[in-house]
*Asks:* 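Mind looking over this structure? Questions follow.
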Protein chains: 2
Amino acid sequence: MKGQDVILGVLHDTPMSGYDIKQHFEKYLPDMFVASFGTIYPTLNRMEKEGYIEKEIIVQEGKPNKHLYHITAKGKEAFQAYIQSPIEPKTIKYDFMMRLVFGKHASEEQRLKWLKQELAQLTEDLDKLKNVEQEPCLCASERLALRLGLAIQQGAVTELENIISELEAPDHKN
Amino acid sequence: MKGQDVILGVLHDTPMSGYDIKQHFEKYLPDMFVASFGTIYPTLNRMEKEGYIEKEIIVQEGKPNKHLYHITAKGKEAFQAYIQSPIEPKTIKYDFMMRLVFGKHASEEQRLKWLKQELAQLTEDLDKLKNVEQEPCLCASERLALRLGLAIQQGAVTELENIISELEAPDHKN
DNA sequence: ATCCACATGTAAGAAGTTACATGATTCG
DNA sequence: CGAATCATGTAACTTCTTACATGTGGAT
């Protein structure tokens with residue numbers, strides 16, 4: 001799964017600009033895929049050159065022009081090839097977890113600060129997903145993904161809350 | 001969090017070879033950090049040159065020599081700097097989730113195959129974590145990390161099982 | 001016979017990050 | 001008056017992946 005595959009996936013239904021694509025990722029695909037402008041814009045330009053997508057320039061007043069990209073037949077083919085390819089194992093870089101693993105090299109206050117910070121982050125992500133759930137135009141498969149994502153996120157939040165309240169219980173030093 | 005930081009973390013307590021480090025990652029840090037030999041060996045060589053670690057060559061018979069790396073004072077300093085630095089947001093590349101999101105472009109059989117495959121993978125990872133739990137020599141903070149990891153993994157497995165059984169229920173096409 | 005575990009490495013290329021550069025508008 | 005949003009891009013750098021190269025010993 002490269003940036004290209006995901007971009008083709010989101011352009012399949014709706015033409016979008018690089019800016020739109022980043023927002024779409026952040027709103028609908030948090031914790032599944034991350035991409036910065038430094039990746040998105042060069043990728044889009046390369047994909048256009050190679051014929052996977054076509055550019056349409058929307059002139060806007062007061063704002064910079066928008067480059068709307070449409071998927072081509074070649075792009076749809078490439079996307080199908082991705083969909084048929086074997087699933088790649090997930091890769092995660094989870095700094096917070098590493099801190100916990102190496103936690104004995106930090107202070108108790110530090111660890112508690114980390115736990116609360118992560119809880120805040122996870123709660124925010126969970127709320128984001130709950131907002132997506134309200135969207136009426138999701139297909140069955142998208143709802144499955146959302147459901148799994150919610151279960152995982154909810155599980156993490158609940159366990160973190162338990163851990164924090166245990167650590168903060170007045171008797172935890174006995 | 002770079003490869004270097006994690007390597008310093010595991011070498012902090014025990015001297016290890018590149019081969020050992022990879023096995024340690026796979027056993028104790030699955031789903032938190034992934035590194036291949038192509039990353040580990042060059043990183044170790046660079047770190048030695050820069051004085052973060054020291055090499056001790058263990059001559060073995062019948063097997064290639066083992067390069068045992070020890071952390072230095074400079075290495076411990078660098079590790080402390082990492083521990084005190086702000087936590088980086090996690091990055092995930094989760095191909096399976098993407099397939100679900102884009103699932104309408106695949107067949108129902110395909111989707112079910114994906115779900116079952118992922119369930120098998122997650123179950124395997126969960127078993128791995130449960131084995132780590134049996135280890136007697138884990139510190140409190142490591143147990144916290146494990147507990148959170150188990151909760152997340154368990155939540156995912158349970159929800160996936162529910163999803164699969166719902167899809168396979170004889171009446172799901174009504 | 002063949003494959004797996006042990007063990008280390010290199011080289012080429014793909015991919016991604018960060019910082020920089022530009023510039024109008026809107027909101028507080 | 002400053003910050004955020006909209007909007008696109010480049011350049012330098014870091015990092016990671018993949019494939020190759022080598023070789024022994026043990027298990028099936």
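All values reported here derive from a predicted model rather than from experimental measurement. In what follows, every chain begins at residue 1, and chains take the letters A, B, ... in the order their sequences are listed. Values below: all heavy atoms of this structure, side chains included; hydrogens, waters and symmetry mates excluded.
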*Asks:* Which pairs would a plain distance check flag for residues 40-58 of chain A, meaning a side-chain donor or acceptor within less than 3.5 Å of a matching protein atom at least two apart in sequence or in another chain?
*Replies:*
| from | atom 1 | to | atom 2 | distance (Å) |
| --- | --- | --- | --- | --- |
| A:Thr43 | OG1 | A:Thr39 | O | 2.5 |
| A:Asn45 | ND2 | A:Tyr41 | O | 3.3 |
| A:Glu56 | OE1 | A:His70 | NE2 | 2.4 |

*Asks:* In whole angstroms, how far is the P atom of D:dT15 from the CE atom of B:Met1?
*Replies:* 13 Å
*Asks:* Specify the separation, in whole Å, of atom NZ of A:Lys66 and atom C1' of D:dT8.
*Replies:* 12 Å
*Asks:* In this structure, how many angstroms lie between the C1' atom of D:dT18 and the CD1 atom of B:Ile40, rounded?
*Replies:* 15 Å
*Asks:* Closest-nucleotide mapping onto DNA chain D: is A:Gln60 or A:Pro42 further toward the 5' terminus? I mean the 5' end.
*Replies:* A:Gln60
*Asks:* How is B:Ser17 classified with respect to the nucleic acid when contacts are heavy atoms under 4.0 Å: base, sugar-phosphate, or nothing?
*Replies:* sugar-phosphate
*Asks:* Atom pairs, N/O to N/O, protein against nucleotides 23-28 of chain D, distance under 3.5 Å?
*Replies:*
none

*Asks:* Taking CD from B:Glu88 and C1' from D:dT15, how many angstroms apart are they, rounded to a whole number?
*Replies:* 13 Å
*Asks:* Extract all donor-acceptor atom pairs below 3.5 Å that involve side chains of residues 3-15 of chain B and protein atoms in other chains or at least two apart in sequence.
*Replies:*
| from | atom 1 | to | atom 2 | distance (Å) |
| --- | --- | --- | --- | --- |
| B:Asp5 | OD2 | B:Lys2 | N | 2.8 |
| B:Asp13 | OD2 | A:Lys104 | NZ | 3.2 |

*Asks:* Decide, yes or no, whether a salt bridge links A:Lys116 with A:Glu168 under the criterion of side-chain N to carboxylate O below 4.0 Å.
*Replies:* yes
*Asks:* For A:Tyr94 and B:Phe33, I'd like to know if the aromatic rings sit close, meaning centre-to-centre distance below 6.0 Å.
*Replies:* no
*Asks:* It should be established whether B:Ser36 places a side-chain nitrogen or oxygen under 4.0 Å from OP1 or OP2 of nucleotide D:dT18.
*Replies:* no
*Asks:* Thinking salt bridges, do A:Glu118 and A:Lys113 make one under a 4.0 Å N-O criterion?
*Replies:* no
*Asks:* side-chain hydrogen bond (donor to acceptor under 3.5 Å, both in side chains) with B:Tyr28: which residues, sequence neighbours excluded?
*Replies:* B:Glu135
*Asks:* Looking only at side chains, do B:Asp125 and B:Gln121 share a donor and an acceptor under 3.5 Å apart?
*Replies:* yes
*Asks:* In whole angstrom, give the distance that lies between atom NZ of A:Lys22 and atom C1' of D:dC6.
*Replies:* 12 Å
*Asks:* Any side-chain heavy-atom pair from B:Leu100 and A:Leu146 closer than 4.5 angstrom?
*Replies:* no
*Asks:* Working to the nearest 0.5 Å, report the span between CG of B:Leu160 and CD1 of A:Ile152.
*Replies:* 7.5 Å
*Asks:* Quick check: on DNA chain C, is the nucleotide nearest B:Tyr41 upstream (toward 5') of the one nearest A:Arg46, or the reverse? Name the residue that is more 5'.
*Replies:* B:Tyr41
*Asks:* Nearest-Å distance, CD1 (A:Ile57) to C1' (D:dA7)?
*Replies:* 13 Å
*Asks:* Should A:Glu124 and A:Lys128 be marked as a salt bridge (charged side-chain N to carboxylate O under 4.0 Å, His left out) after you check the CA-CA gap, both sets of side-chain angles, and the distance that decides it?
*Replies:* CA-CA 6 Å; A:Glu124 200 190 306; A:Lys128 233 189 228 174; 5.3 Å; no
*Asks:* Separation of B:Phe37 atom CZ from D:dC16 atom P, in whole Å?
*Replies:* 16 Å
*Asks:* Consider only side-chain N and O atoms of B:Tyr82 and A:Asp95, and report whether a donor and an acceptor are under 3.5 Å apart.
*Replies:* yes
*Asks:* Contact boundaries of DNA chain C with chain A (under 4.0 Å, heavy atoms), 5' to 3'?
*Replies:* C:dA15 to C:dT25
*Asks:* Tell me whether the NZ or CZ atom of B:Lys90 lies within the 45° cone about the ring axis of A:Phe96 and under 6.0 Å from its centre.
*Replies:* no
*Asks:* Using rotation axes that map the C1' atoms of four end pairs onto the next four (five pairs an end), what angle separates the end axes of the helix from C:dA1-D:dT28 to C:dG28-D:dC1, to 10°?
*Replies:* 50°
*Asks:* In terms of the nearest nucleotide of DNA chain C, which residue is placed more toward the 5' end: A:Thr43 or B:Tyr69?
*Replies:* B:Tyr69
*Asks:* What is the nucleic acid contact for A:Gln4, judged by heavy atoms within less than 4.0 Å: base, sugar-phosphate only, or nothing?
*Replies:* nothing
